[in-house]
Amino acid sequence: MQLTYRHVCLEAFAHTLPEQVVTSAEIEARLAPLYERLRLPAGRLELMTGIRERRFWPPGTLPGEMSAATAARLLAASELERRHVGALIHGSVCRDYLEPATAAGVHQRLGLPSSCLLYDVSNACLGLLNGMVQVANMIELGQIRAGIVVGTESGRALVDGTIAELNGDFSLHRRDTKRAFGSLTIGSGSAAVLLVHREISRTGNRLLGGVVRARTAQNHLCRSRLDASIGGPEGPLMDTDSETLMHEGIQAAEDSFAEFLDLLDWPGDAIDKTFCHQVGKAHRKLLLETLDLRDGGDFSTLEFLGNTGAVALPMTASLGIAAGHLVPNDRVALLGIGSGINVIMLAVDWQRSLVGDAAASRGRRETGPRGGEDGRERRGVAGVAG
């Protein structure tokens, strides 16, 4: 599918990060029974993934609670009147309940108009990008003037459940641990995106269009064994063939990228900056090499946030914009690749940022944001950008 827009602006991003920081070394310490039994070398989790830490919300935190806080910050920074918001989409894997839609609670907390269309979207790590496409389509059709896409991922239950399973299954061999390894990279975070009609935009950050592609023959490479919204005594668990998923996903991205450049009439070296889904250092390196993209043009957060699912790309964009990664007239590519396998690539003509929050700028790629080292579990640190 090809997408083209004339009237849509990508107005602003916002994010909230949990305060509690959990290092890869701490996770390996909890896996001591497994490591000792299989004689696994310490440090392999960070060495293999490039992820030194990730963050968790306090136990019992509802995704909708944090999504509402992030979206409220987004609206305040943009100074957009709530009456203009015609659609609210909650796009993360994690949600509050099977029903009603988590978007309903976010809508109520934000005090949005009753005429606002609201619903949840679920598509693994691409849910928020799918929501952005849907809101952009509604704006382009003249159905709404503005829309919000928001989501919050919580990785605590998945990581805890994976650790418990690995320590408790004495039949495991070294090779068996690989399919659970990806689950140990999961982190938490919240992100929100505001899209508006260009007539009410204060930034002029045009969403130009993009491409969507599916390769569902590979949908078996990353599957949950329990719906995270249902839960269970040990929490959700995942079964992931990480290496095959990486290569198949990048092949799908390569096929899509040629179509993406052709649609936009951009030469191969036209892209100035990129924000990609955050998986691990091997995936990032291979993706940039395969698409022949400059490493200096990409902003990375995987080192200090891990893989945060559907909020990874928009949260990285929010942090990158706040850190000054984009400058006027940048041609920006949002490159989303998710299990399924699905690809969404969107192009932005960047002009200006509304807000550069000082706290968010602590998320610079060199060091990453810190917080929570004193053991407290405050709700989070936040920022708005773009």
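All residue numbers refer to positions in the sequence shown, counting from 1.
- Residues Arg73 and Thr16 bring a donor and an acceptor atom of their side chains to less than 3.5 Å of each other.
- With sequence neighbours excluded, the residues that form a side-chain hydrogen bond (donor to acceptor under 3.5 Å, both in side chains) with Arg145 are Glu199.
- Defined by atom type and a distance below 3.5 Å, a donor-acceptor pair is present between the side-chain atoms of Glu303 and Ser300.
- In summary, Glu259 and Arg213 engage in a salt bridge, as defined by a charged side-chain N under 4.0 Å from a carboxylate O.
- Shortest non-hydrogen contact noted between Glu153 and Cys94 is OE1-N, 3.0 Å.
- The pair Glu140-Arg6 does not meet the salt-bridge criterion, since no charged nitrogen lies less than 4.0 angstrom from a carboxylate oxygen.
- Contact between Leu195 and Ala136 at its shortest, heavy atoms only, is CD2-CB, 4.2 Å.
- Considering all non-hydrogen atoms of both residues, Phe257 and Leu293 come closest at CZ-CD2, 4.0 Å.
- Of all non-hydrogen atoms in Ile186 and Phe56, the two that sit nearest each other are O-CE2, 3.8 Å.
- Two residues are said to be in side-chain contact when any heavy atoms from C-beta on lie closer than 4.5 Å; Gln278 and Thr308 fail this criterion.
- Among residues two or more places apart in sequence or in another chain, the side-chain hydrogen bond (donor to acceptor under 3.5 Å, both in side chains) test is passed with Lys281 by none.
- For the salt bridge (charged side-chain N to carboxylate O under 4.0 Å, His left out) condition, the pairs that include at least one residue of residues 26-35, sequence neighbours left out, are Arg30-Asp160.
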Run the salt bridge (charged side-chain N to carboxylate O under 4.0 Å, His left out) test on Arg55 and Glu19 for me, step by step, so that the C-alpha distance in whole Å, both residues' side-chain angles and the decisive distance to 0.1 Å come before the verdict.
CA-CA 7 Å; Arg55 291 166 175 254; Glu19 282 280 356; 5.0 Å; no

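- Both Val348 and Leu126 are part of a single hydrophobic cluster, where members link through side-chain heavy atoms under 4.5 Å apart.
- Here CG of Asn137 is found 9.5 Å from CD1 of Ile139. Values are rounded to the nearest 0.5 Å.
- The side-chain heavy atoms of Leu305 and Leu319, taken from C-beta on, include a pair separated by under 4.5 Å.
- Taking the ring centroids of Tyr119 and His90, they lie at or beyond the 6.0 Å cut-off.
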Show your reasoning for whether side chain to side chain contact (heavy atoms under 4.5 Å, CB included) applies to Asn123 and Leu128.
CA-CA 8 Å; Asn123 188 19; Leu128 268 76; over 6 Å; no

If you apply the rule side chain to side chain contact (heavy atoms under 4.5 Å, CB included), what do you find for Val133 with Leu346, and how did you get there?
CA-CA 9 Å; Val133 168; Leu346 299 175; 4.2 Å; yes

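- Clustering ILVMFWY residues whenever any of their side-chain heavy atoms sit less than 4.5 angstrom apart, transitively, puts Val279 in a cluster other than the one holding Ile27.
- Within the 4.5 Å cutoff, side-chain heavy atoms of Leu80 are placed close to those of Leu194.
- In this structure, Lys273 pairs ionically with Asp330, as a charged nitrogen and a carboxylate oxygen lie closer than 4.0 Å.
- Atom CZ of Arg39 is surrounded by 12 or fewer heavy atoms from other residues, nucleotides or ligands within 6.0 Å.
- A side-chain donor-acceptor contact under 3.5 Å links Glu11 and Thr203.
- Contact of the Val8 side chain with the Arg206 side chain is not registered, since no non-hydrogen atoms from C-beta on lie closer than 4.5 Å.
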Run the numbers on Met132 and Leu334 for side chain to side chain contact (heavy atoms under 4.5 Å, CB included), then give the verdict.
CA-CA 11 Å; Met132 289 170 61; Leu334 308 180; 4.0 Å; yes

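- Going from atom CZ of Arg352 over to atom CD1 of Ile321 covers 12.5 Å, rounded to the nearest 0.5 Å.
- Side chains of Ser24 and Arg54: a donor on one and an acceptor on the other come within 3.5 Å.
- Between Ser78 and Leu354 the shortest heavy-atom distance is CA-CD1, 3.8 Å.
- The closest side-chain heavy-atom distance from Leu38 to Thr177 is below 4.5 Å.
- No continuous path of hydrophobic side-chain contacts links Leu302 to Ile337 [ILVMFWY only; heavy atoms under 4.5 Å].
- For Arg95 and Asp120, the salt-bridge test fails: no basic side-chain N is under 4.0 Å from an acidic carboxylate O.
- With contacts defined as side-chain heavy-atom distances shorter than 4.5 Å, the pair Val332/Leu326 qualifies.
- No side-chain heavy atom of Leu118 sits less than 4.5 Å from a side-chain heavy atom of Val106.
- Using cut-offs of 30° and 60° on the angle between ring planes, the pair Phe260 and Trp266 is perpendicular.
- Looking only at atom types and distance, the side chain of Thr301 has a donor-acceptor partner in the side chain of Thr316 under 3.5 Å away.
- No donor-acceptor distance shorter than 3.5 angstrom exists from the side chain of Asp96 to the backbone of Leu62, with no hydrogens or angles considered.
- Considering Leu288, Ile271, Leu287 as possible partners of Asp298, the one that fulfils the side chain to side chain contact (heavy atoms under 4.5 Å, CB included) test is Leu288.
- Pairing each heavy atom of Leu208 with each of Leu264, the nearest pair is CB-CD2, 4.0 Å.
- Asp169 CG: more than 12 foreign heavy atoms inside a 6.0 Å radius.
- Counted by atom type alone, Gln251 and Asp255 present one or more donor-acceptor pairs between their side chains at under 3.5 Å.
- Thr185 and Asn307 share no donor-acceptor pair across their side chains, judged by distance under 3.5 Å alone.
- A donor-acceptor pair shorter than 3.5 Å cannot be found between the side chains of Asn205 and Asp349.
- A distance of 10.0 Å separates OG of Ser190 from NE2 of His15, quoted to the nearest 0.5 Å.
- Between Leu117 and Leu88, every side-chain heavy-atom pair lies at or beyond the 4.5 Å cut-off.
- Because its NZ or CZ atom is both nearer than 6.0 Å to the ring centre of Phe181 and within 45° of the ring axis, Arg44 counts as a cation-pi partner of that residue.
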